Enquirer: 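Can you read through this structure? Questions will come right after.
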Amino acid sequence: MYHTQEKWENKLTKPIICLRRNAWLGSAYYFWGDETDAIQWGHKSKRNTGYFEIYKALIECESVLDTVFNEEHYNFWVKQIEKAAKHISMKTGLKASIKEINQYFKEKAKWSEITNGIMFQDLPISDDLLVKELYYRKRIQMAVYSSEIIHNFAFHFDMECN
């Protein structure tokens, strides 16, 4: 999988954990399943230095909640999201935000104690799609909670931001 980061003076020897409050799946090491998505993410969100870097790693997926390819895991995931969203909605009277969902999971579910990571899919909104507005491929992201399942982390290449 691929890890996207700002380009700095020294190459990384390990991935950087994302601590943003609105991160999709909470505090984790984030990886992309496809190099194309890692590049697109670099152009979109890693612009501070004008360059970004892509790293590669092997991720052990046996202890990961796989909401992309495992139907049982997917159904469990949907139920957990809806349970949290309903709880938040009842409490606030509003639709839940990603930040609120993450906070709920951090306090109640403690994902990092249950699983070493979550594989998730969102829409592949990218200029590289060959068919306009047909999202035919999965944009897979993984939030890794335990660095123990990350192996062979290495620099892949760097690129200038558009």
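Not measured: the values here are computed from a predicted model.
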Enquirer: Measuring only between side-chain heavy atoms, which start at C-beta, is D34 closer than 4.5 Å to Q40?
Expert: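 No, too far: nothing below the 4.5 Å cut-off.
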Enquirer: Using the six-membered ring of Y51, assess whether NZ or CZ of K7 lies under 6.0 Å from its centre and within 45 degrees of the ring axis.
Expert: yes
Enquirer: Using atom types as modelled and distance alone, determine if a side-chain donor or acceptor of Y55 lies under 3.5 Å from a backbone N or O of L12.
Expert: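 The answer is yes, because a donor-acceptor pair under 3.5 Å joins these two groups.
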Enquirer: Would you mind telling me which of I140, L25, V144 makes a side chain to side chain contact (heavy atoms under 4.5 Å, CB included) with M119?
Expert: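 Among I140, L25, V144, the one that satisfies the side chain to side chain contact (heavy atoms under 4.5 Å, CB included) with M119 is I140.
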Enquirer: Could you list the donor-acceptor pairs under 3.5 angstrom formed by side chains in residues 78-87, with sequence neighbours left out?
Expert:
none

Enquirer: Could you walk me through whether E53 and H156 pass side-chain hydrogen bond (donor to acceptor under 3.5 Å, both in side chains), step by step?
Expert: CA-CA 8 Å; E53 297 176 329; H156 190 43; over 6 Å; no
Enquirer: Hey, quick one: are I39 and Y30 part of the same hydrophobic cluster, counting side-chain heavy atoms closer than 4.5 Å, chains of contacts allowed?
Expert: no
Enquirer: Could you tell me whether the side chain of T115 and the main chain of S63 form a donor-acceptor pair under 3.5 Å?
Expert: yes
Enquirer: Checking the side chain of Q121 only, and the main-chain atoms of K138 only, is there a donor and an acceptor separated by less than 3.5 Å?
Expert: no
Enquirer: If you round to the nearest 0.5 Å, how far is CD1 of I98 from CD of Q103?
Expert: 14.0 Å
Enquirer: Please report the shortest heavy-atom distance between A57 and I150, naming the atom on each side.
Expert: CB-CG2, 3.9 Å
Enquirer: Any chance you could measure N10, atom CG, to F155, atom CZ, to the nearest 0.5 Å?
Expert: 12.5 Å
Enquirer: Apply side-chain contact (heavy atoms from CB on, under 4.5 Å) to Y29 and S147, showing your working.
Expert: CA-CA 8 Å; Y29 303 97; S147 62; 3.9 Å; yes
Enquirer: Linking I/L/V/M/F/W/Y whenever any side-chain heavy atoms sit under 4.5 Å apart, do I149 and I118 land together?
Expert: no
Enquirer: Would you call the rings of F120 and W77 parallel, tilted or perpendicular, where under 30° means parallel and over 60° means perpendicular?
Expert: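 Ring orientation, 0 to 90° scale: perpendicular.
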Enquirer: Do F105 and V64 land in one hydrophobic cluster if side-chain heavy atoms of ILVMFWY residues count as linked below 4.5 Å?
Expert: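 Each belongs to a different hydrophobic cluster.
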Enquirer: Should L19 and M142 be regarded as members of a common hydrophobic cluster, given that ILVMFWY residues are connected when their side-chain heavy atoms come within less than 4.5 Å of each other, either directly or indirectly?
Expert: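 Same cluster: L19 reaches M142 through Ile, Leu, Val, Met, Phe, Trp or Tyr contacts under 4.5 Å.
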Enquirer: Would you call the rings of W32 and W41 parallel, tilted or perpendicular, taking 30° and 60° as the class edges?
Expert: tilted
Enquirer: Is a side-chain N or O of Q141 found less than 3.5 angstrom from the main chain of F31, in a donor-acceptor match?
Expert: no
Enquirer: Please check if the side chain of T4 supplies one atom and the backbone of G42 the other of a donor-acceptor pair under 3.5 Å.
Expert: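 No; judged by distance alone, with no hydrogens or angles, the pair does not exist.
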Enquirer: Please determine whether side-chain contact (heavy atoms from CB on, under 4.5 Å) holds for the pair M159 and H43, giving the CA-CA distance in whole Å, both sets of side-chain angles, and the decisive distance to 0.1 Å.
Expert: CA-CA 9 Å; M159 185 175 273; H43 286 299; 3.4 Å; yes
Enquirer: What are the two closest non-hydrogen atoms of Y2 and A38, and how far apart are they?
Expert: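 Closest pair (atom of Y2, atom of A38, distance): CB-CB, 3.6 Å.
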Enquirer: May I ask whether M1 and F69 are part of the same hydrophobic cluster, defined by side-chain heavy atoms of I, L, V, M, F, W, Y residues being less than 4.5 angstrom apart, directly or through others?
Expert: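 The answer is yes; both residues are in one hydrophobic cluster.
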Enquirer: List the steps, then state whether side-chain contact (heavy atoms from CB on, under 4.5 Å) holds for W8 with T49.
Expert: CA-CA 8 Å; W8 301 109; T49 64; 3.6 Å; yes
Enquirer: What verdict does the side-chain contact (heavy atoms from CB on, under 4.5 Å) test give for K11 and D158, after you've listed the backbone C-alpha separation in whole Å, the side-chain angles of each residue and the deciding distance to 0.1 Å?
Expert: CA-CA 10 Å; K11 301 288 184 245; D158 59 19; 4.1 Å; yes
Enquirer: If we ignore hydrogens and angles and just use 3.5 Å, is the side chain of H3 paired with the main-chain N or O of I54 as donor and acceptor?
Expert: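 Looks like no, no N/O pair under 3.5 Å.
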Enquirer: At what distance, to the nearest 0.5 angstrom, does CD of E60 lie from OG of S146?
Expert: 9.0 Å
Enquirer: Would K14 count as a cation-pi partner of F153, with NZ or CZ less than 6.0 Å from the six-membered ring centre and within 45° of the ring normal?
Expert: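 No, K14 does not sit over the ring of F153.
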